[in-house]
Amino acid sequence: MPSNECTSSERIARCFEKSRQEGRPALVVYLTAGDPSPDRTVELALALERGGANLLELGVPFSDPIADGPVIQRASDRALKAGTTVARVLDIAREIRARSEMPIILFSYMNPLMRYGLERLCADAKAAGVDGCLFTDLSVEEADDTVEVMRKSGLDTVFLAAPTSTERRLELVAQHSTGFVYVVSRTGVTGERDSVAGGVDQLVGDLKRLTSLPVAVGFGISKREHVAAIGQYADGVVVGSAVMRVIEEHGSALDLEARLESFCKELTGRA
Amino acid sequence: MKSTPQMPDSKGHFGPYGGRFVPETLMAPLEEIERSFTEAREDAAFQAELKDLLENYAGRPTPLYEAKRLSAELGGARIFIKREDLLHTGAHKINNCLGQILLARRMGKKRIIAETGAGQHGVATATVCALFGLECVVYMGAEDMRRQRLNVFRMRLLGAKVVSVDSGSRTLKDAVSEAMRDWVTNVGTTHYLLGSALGAHPYPMMVREFHRCTGDEARRQMLSRVGRLPDTVIACVGGGSNAIGIFTAFVPDEEVRLVGVEAGGRSLQLGEHAARFEGGSPGVLQGAYSYLLQDDDGQVSLTHSVSAGLDYALVGPEHAWLHDQGRAEYVSASDREALEAARTLARTEGIIPALESSHAVAEALKRAPAAKDQIILVNLSGRGDKDTDIYRENFPELDNPDAK
């Protein structure tokens, strides 16, 4: 069992602390790297930050994203067709880091990073200014080796907690996580929904009894009122598909950056 | 040769392979299936009900047939055929479906979902759902629906809803992804009746256990009929359920060669075949770690096989372990070799095999001439009715004999 006594990423801890002091949830934004093309991702990420994003989940596109709904599936397809590789995603992270102190975590399925080589990935990610990783399809049962390598590199490991997680599983998730814990708000794949699922507040509460880490809630979050409602009990709110939909609909628009910035402002009530 | 430990470790690993690579939402449900399966195995009433269904509904035991004309034509080994093609619904898939439907009922699930490639697993799933009055949804790649139209209709006739999957290569892999997305969404009410020895633990072990009757029977039949074990056992390997079903009984018999046949497709260039052991390397897809056809950046490759049931990028994890230990060997048969083997078996024995099983027959045809005094056992996992359209396309001279 890996210990999470080690120092958490400074940037992630500071980001949640700052949001707490401001009395608002941290806005965590998911962005598929390479959609609509790898050349654009850096500017899109910076636009999200200007709009109020506090933490970036940089999505590594994968051919078979089993946890994702249609919007992110299509985003991944476009990114892969545009030639996005793991190495290119790390370059993108490095370019963002050169211009921003926003924490960055890689959001990925296991296989592309395994193929790149986990030790090599951790070294290169750390050097690029990445703060942590979340592997969508890595259960805590399979995670010990990966967590150990990441800890050695000083990267945070963010794990998912789900509505189906038993008490014992929540404990395992808490033990394996550093940086923050990501609560999946509902059973299902990623994608926008009209309302926040019931019972999320209780799941966040259960988790907070097991860990002092910040807890962010995602899956299905797409509107200002969702952000406000979840902000009542969670430290962070994750928005993904709603952002990728803006990119899908306006990918070729010259003012895509401005649109993303104002979408984030709308989400956080700064518009 | 070291004998293989036949149970995975407590986390579902066969050596380094297998395990559970799924989103957290599916972890507790997988634990529930494992618990339920473990209890059912010890439950005499469950076992009695399954035995009754296998015998009186599905038609077990299946015959072990000596293919004398085929053997004579090849002039070498005696070839025996395990006739899983004679099972109800036309393939071995029904063994696993009966087991899992009883398990689903035991867990109180009301809705069953499945993926299908060739449609044989979809038909078997639709069949057991009809038998137990449960709702059934089958995910199938659009390309597979086109090439296996007859099975699409059979599923609908049995009351199942067939959902066309248009993503990726529109074949089995994409159908599995879509079934997993349905499962993660409806996990409270729904059992995912996975059709091969693939996916996250406990599926590979559980599916194997429901299919091991094939090998247990064949081994007994071999001993009582011939008084000895076969020298070689051959089966086709897509995910690998029929192969693991017949191999398992023979794994401890170190003198018996186990041969798995993958789809060689059009050529052994990446994207043109589904021979994971020839062109793949270990990776994670859809819940399990095993040999995977992937590119240099870890993206899953497209695959091709004339046989929809073998057209998949990952091999079942226990096969990866049998391979690495040298306990089983894996070869491939090309589309053309499989088609010709089907024709040879039809002509010499009056048996039209499924295209998947034809890959195993093709390997037997290669080995038999040089294997005098030996016995080759072929698992004929399915019958070829569903493939009639493909056989027609590929043998136009038979379809229009006057057109020559």
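What you see is a predicted model; the values in this text were computed from it and never measured.
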Value rounded to 0.5 Å, distance of [atom1] in [X] from [atom2] in [Y]:
| X | Y | atom1 | atom2 | value |
| --- | --- | --- | --- | --- |
| B/F21 | A/I66 | CZ | CD1 | 11.5 Å |
| A/L138 | B/E24 | CG | CD | 10.5 Å |
| B/H201 | A/E142 | NE2 | CD | 10.0 Å |
| A/S139 | B/R20 | OG | CZ | 8.0 Å |
| A/D64 | B/L292 | CG | CG | 8.5 Å |
| B/E31 | A/E141 | CD | CD | 6.0 Å |

Which heavy atom of [X] sits nearest a heavy atom of [Y], and at what distance?
| X | Y | value |
| --- | --- | --- |
| A/P112 | B/Q299 | CG-NE2, 4.2 Å |
| B/V284 | A/F62 | O-CZ, 4.4 Å |
| B/G283 | A/N111 | CA-OD1, 3.1 Å |

For this session: Pick whichever of B/M180, B/K11, B/E178 has the most heavy-atom pairs under 4.5 Å with chain A.
Result: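 Among B/M180, B/K11, B/E178, the one with the most close pairs to chain A is B/K11.
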For this session: Find the one option among B/Q286, B/R181, B/Q294 whose heavy-atom pairs under 4.5 Å with chain A are most numerous.
Result: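 Going by pairs under 4.5 Å, I would pick B/R181.
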Exercise. With A/R115, which of B/D296, B/D297, B/D295 fulfils salt bridge (Lys or Arg N to Asp or Glu O under 4.0 Å)?
Worked result: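 One option only clears the test, and that one is B/D296.
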For this session: With the side chain counted from C-beta on, respond yes when B/Y289 and A/M110 share a heavy-atom pair under 4.5 Å apart, and no when they do not.
Result: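 Of all side-chain heavy-atom pairs linking A/M110 with B/Y289, none is under 4.5 Å.
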For this session: Name the region of B/V22, side chain, backbone, both or neither, that has any atom closer than 4.5 Å to a heavy atom of chain A.
Result: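 Backbone only.
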Exercise. Side chain, backbone, both or neither: which part of B/S301 has a non-hydrogen atom closer than 4.5 Å to chain A?
Worked result: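 Looking at B/S301, nothing touches chain A.
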So for [X], is it side chain, backbone, both, or neither that comes closer than 4.5 Å to the heavy atoms of chain B?
| X | result |
| --- | --- |
| A/S108 | neither |
| A/D77 | neither |
| A/P70 | neither |
| A/L80 | side chain |
| A/R168 | side chain |

For this session: Can you establish whether the number of heavy atoms outside B/E39 located under 6.0 Å from its atom CD is more than 12?
Result: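 Yes, because the 6.0 Å sphere around CD of B/E39 holds more than 12 heavy atoms from other groups.
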For this session: For A/E249, look at atom CD and say whether over 12 heavy atoms of other residues, nucleotides or ligands are found less than 6.0 Å away.
Result: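 More than 12 within 6.0 Å, yes.
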Exercise. Which of these, A/V184, A/T187, A/V189, sits in a side chain to side chain contact (heavy atoms under 4.5 Å, CB included) with B/V184?
Worked result: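 Between B/V184 and the candidates, side chain to side chain contact (heavy atoms under 4.5 Å, CB included) is satisfied uniquely by A/V189.
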